[in-house]
Amino acid sequence: MPGLLEGKNALILGVANRWSLAFAIARAFRREGAEVVLTYQGERQRATVEDLADELGAAAVLACDVTSDENLDRLAADLKSSPGRLDCVVHSIAFANREDLARPFLETSRSGYLLAQEISSYSLVAVARAAAPLMRSGGSIITLSYLGASRVVPNYNVMGVAKAALEASVRYLASDLGPKNIRVNAISAGPVKTASARGIKDFSKVLSGVAQKAPLRRNTDPGEVADAAVFLASELGRGVTGNVLFVDAGFQVMGL
Ligand code: NAP
């Protein structure tokens with residue numbers, strides 16, 4: 001039986017290591033027959049991402065720091081040469097200063113606030129603008145969000161505000177790009193132990209709290225997030241745009 005993403009070309013930004021949600025998504029996309037291009041932010045990550053790309057059989061590995069318009073222009077030019085057409089883009093990128101994920105939100109500096117917004121929210125707009133001209137047959141853009149966008153989660157702070165802007169950006173981008181049959185959605189994942197998550201103070205308490213209270217009484221597996229991304233990237237998700245899809249063992253429905 002052909003895979004759900006057979007014949008599709010996907011750009012996946014945000015693989016840092018094998019624990020990254022983007023790596024789980026790239027693996028699921030390959031399983032379903034997609035060709036994938038991975039990106040890395042800086043030289044420090046290059047060798048790791050190249051090794052993971054080999055393991056996956058990725059078509060290419062390209063450099064891209066999303067804070068640089070020059071990098072984004074070069075990425076778009078490289079993708080235009082090969083593979084030439086894009087069908088899916090996965091934006092799995094976020095960053096905030098560690099101290100802003102530990103002290104009261106009230107203490108957030110102007111620079112820390114703007115940095116979190118630039119990397120974690122504005123970059124979706126910039127990536128969508130760079131990729132959309134290559135999505136000539138329509139396609140699917142997927143970003144990763146978290147419950148801290150709409151609820152106060154201890155220590156998530158400035159990142160919660162950036163995720164709120166990210167989710168609003170999903171809706172505006174969905175409206176702009178819908179006439180080109182490009183769908184834009186977010187997956188709001190339950191907490192998963194990754195390099196980024198380890199930067200949040202007391203993250204292990206969040207994990208144990210969710211496992212106790214979520215309807216499914218467990219944490220989220222990265223493979224579940226990846227399978228939801230397959231759905232959104234495939235024809236099965238053709239009617240879905242502008243949405244935030246929770247893949248969190250049901251935690252978001254709970255009151256106390
Ligand atoms: P991760 O493995 O650390 O991935 C974050 C990625 O963002 C890394 O590849 C990082 O690259 C990249 N990045 C940061 N600044 C960048 C820049 N300027 N240009 C390009 N790339 C940049 O952690 P993750 O948990 O998988 O995070 C992926 C996404 O899922 C994030 O949006 C995160 O907020 C979201 N999410 C995570 C959880 C969770 O509990 N883990 C839950 C819900 C949503 P470097 O490592 O090279 O800096």
Side-chain angles (χ1 to χ4, degrees), residues 11-27 38-50 52-53 61-72 74-75 89-98 101 114-124 126-127 130 142-151 153 155-167 169-170 186-200 202-207 209-211 214 219-226 228-229 244-249 251-252:
L11 169 67
I12 301 184
L13 302 104
V15 175
N17 52 50
R18 64 176 55 256
W19 294 278
S20 296
L21 293 178
F23 181 66
I25 293 170
R27 196 163 42 195
L38 306 183
T39 67
Y40 60 92
Q41 183 194 173
E43 281 305 308
R44 188 174 51 88
Q45 291 304 122
R46 183 184 185 145
T48 308
V49 179
E50 283 178 348
L52 293 172
V61 181
L62 302 171
C64 184
D65 179 335
V66 292
T67 61
S68 159
D69 287 334
E70 203 185 335
N71 274 210
L72 286 161
R74 197 180 56 219
L75 177 69
V89 175
V90 176
H91 169 279
S92 187
I93 285 175
F95 184 80
N97 287 328
R98 209 179 175 99
L101 302 173
L114 294 175
L115 180 74
Q117 287 284 340
E118 179 179 20
I119 299 180
S120 316
S121 173
Y122 178 72
S123 65
L124 176 68
V127 166
I142 300 164
T143 189
L144 275 296
S145 191
Y146 179 58
L147 184 64
S150 52
R151 309 267 180 87
V153 175
N155 298 316
Y156 204 60
N157 299 354
V158 70
M159 188 59 86
V161 177
K163 291 298 191 194
L166 179 75
E167 292 184 6
S169 302
V170 163
I187 296 173
S188 184
V192 174
K193 208 182 273 181
T194 62
S196 291
R198 276 197 293 270
I200 301 164
D202 295 336
F203 182 72
S204 54
K205 285 190 192 155
V206 176
L207 279 177
V210 168
N219 281 120
T220 299
D221 184 285
E224 297 165 347
V225 176
V244 179
L245 174 62
F246 282 87
V247 181
D248 67 344
F251 184 75
Q252 97 286 349

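Order of appearance sets the numbers: ligands from 1, and atoms from 1 within every ligand.
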Chemist: Hey, looking at atom 25 (O) of ligand 1, which of Leu38, Leu144, Thr194, Thr48 has the closest heavy atom?
Modeler: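 It is Thr194 whose heavy atom sits nearest to atom 25 (O) of ligand 1.
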Chemist: Would you kindly specify which portion of Ile119 sits under 4.0 Å from ligand 1, judged on non-hydrogen atoms: side chain, backbone, both or neither?
Modeler: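 It is the side chain that gets close, since no backbone atom is under 4.0 Å.
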Chemist: Go through ligand 1 atom by atom and flag the ones less than 4.0 Å from a non-hydrogen atom of Gln45.
Modeler: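 Once the distances to Gln45 are compared, the set is 47 (O).
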Chemist: Short list, please: which atoms of ligand 1 are under 4.0 Å from a heavy atom of Ser196?
Modeler: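 This gives 1 (P), 3 (O), 4 (O), 5 (C), 23 (O) as the contact atoms.
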Chemist: Among Gln41, Lys163, Arg18, Arg198, which residue places a heavy atom closest to atom 10 (C) of ligand 1?
Modeler: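 That would be Gln41.
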Chemist: Identify which of Gly14, Ala94, Ala16 has a heavy atom lying nearest to atom 46 (O) of ligand 1.
Modeler: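 The nearest heavy atom belongs to Ala16.
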Chemist: Within a distance under 4.0 Å of any heavy atom of Ser20, pick out the atoms of ligand 1 and give their elements.
Modeler: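 Taking each heavy atom of Ser20 in turn, ligand 1 has 1 (P), 2 (O), 26 (O) under 4.0 Å.
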Chemist: Nearest heavy atom to atom 44 (C) of ligand 1 wins, so pick from Ser121, Ser123, Ser145.
Modeler: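 Looking at heavy atoms only, the winner is Ser145.
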Chemist: Backbone, side chain, both or neither: what part of Arg44 comes under 4.0 angstrom of ligand 1, heavy atoms only?
Modeler: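 It is the side chain that touches ligand 1; the backbone stays farther off.
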Chemist: Short list, please: which atoms of ligand 1 are under 4.0 Å from a heavy atom of Gly190?
Modeler: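 The atoms of ligand 1 under 4.0 Å from a heavy atom of Gly190 are 40 (O), 42 (C).
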Chemist: What's the shortest distance from atom 20 (C) of ligand 1 to any protein heavy atom, and which residue and atom give it?
Modeler: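 That would be Cys64 O, 3.4 Å.
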Chemist: Only one of Leu13, Ile93, Leu124 clears side-chain contact (heavy atoms from CB on, under 4.5 Å) with Thr143; which?
Modeler: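 Answer to the side-chain contact (heavy atoms from CB on, under 4.5 Å) test with Thr143 among Leu13, Ile93, Leu124: Leu124.
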Chemist: Where the side chain of Asn71 meets the backbone of Arg74, is there a donor-acceptor pair that is under 3.5 Å apart?
Modeler: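 No, because the side chain of Asn71 does not come within donor-acceptor range (under 3.5 Å) of the backbone of Arg74.
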Chemist: By number and element, which atoms of ligand 1 are closer than 4.0 Å to a non-hydrogen atom of Asp65?
Modeler: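 The list of qualifying atoms is 17 (C), 18 (N), 19 (N).
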Chemist: Checking a contact table here: which protein heavy atom is nearest atom 12 (C) of ligand 1, and how many Å away?
Modeler: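 Protein heavy atom with the smallest distance to atom 12 (C) of ligand 1: Ile93 CG1, 4.1 Å.
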Chemist: Of Ser92, Ala24, Gly42, which has the heavy atom at the shortest distance from atom 6 (C) of ligand 1?
Modeler: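 Result: the heavy atom closest to atom 6 (C) of ligand 1 is in Ser92.
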Chemist: Show which atoms of ligand 1 fall inside a sub-4.0 Å distance from at least one heavy-atom site of Pro191.
Modeler: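 Selected atoms, number and element: 40 (O).
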Chemist: Evaluate Phe203 for polar contact with ligand 1, using N/O atom pairs at a separation under 3.5 Å.
Modeler: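 So ligand 1 has no N or O lying under 3.5 Å from an N or O of Phe203.
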Chemist: Say whether, by atom type as modelled, one donor and one acceptor occur between the side chain of Lys163 and the main chain of Ser150 under 3.5 angstrom.
Modeler: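 Flag not set: sc Lys163 to bb Ser150 has no pair under 3.5 Å.
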Chemist: Closest by any non-hydrogen atom to atom 39 (C) of ligand 1: pick that one out of Val192, Leu147, Val49.
Modeler: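 Residue with the shortest heavy-atom distance to the ligand atom: Val192.
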Chemist: Indicate, as side chain, backbone, both or neither, the part of Met159 found under 4.0 angstrom from ligand 1 when only non-hydrogen atoms are considered.
Modeler: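 It is neither part, as no heavy atom is under 4.0 Å.
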Chemist: If you take all heavy atoms of Pro191 and Tyr146, which pair is closest and at what distance?
Modeler: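 Scanning both residues, the minimum pair turns out to be CD-CE1, 4.0 Å.
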Chemist: Between the side chain of Arg151 and the main-chain N/O of Gln252, is any donor-acceptor distance below 3.5 Å?
Modeler: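 Side chain of Arg151 to backbone of Gln252: a pair is present.
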Chemist: Numbering the atoms of ligand 1 from 1, which are under 4.0 Å from a heavy atom of Val15?
Modeler: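 Contacts of ligand 1 toward Val15, numbered from 1: 9 (O).
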Chemist: I'd like to check which ligand 1 atoms, numbered from 1 as shown, lie under 4.0 Å from a non-hydrogen atom of Ala195.
Modeler: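 Checking each atom against Ala195, I get 3 (O).
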Chemist: Using a 4.0 Å heavy-atom threshold (strictly under), name the region of Thr143 that reaches ligand 1: side chain, backbone, both or neither.
Modeler: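 Contact part for Thr143 vs ligand 1: neither.
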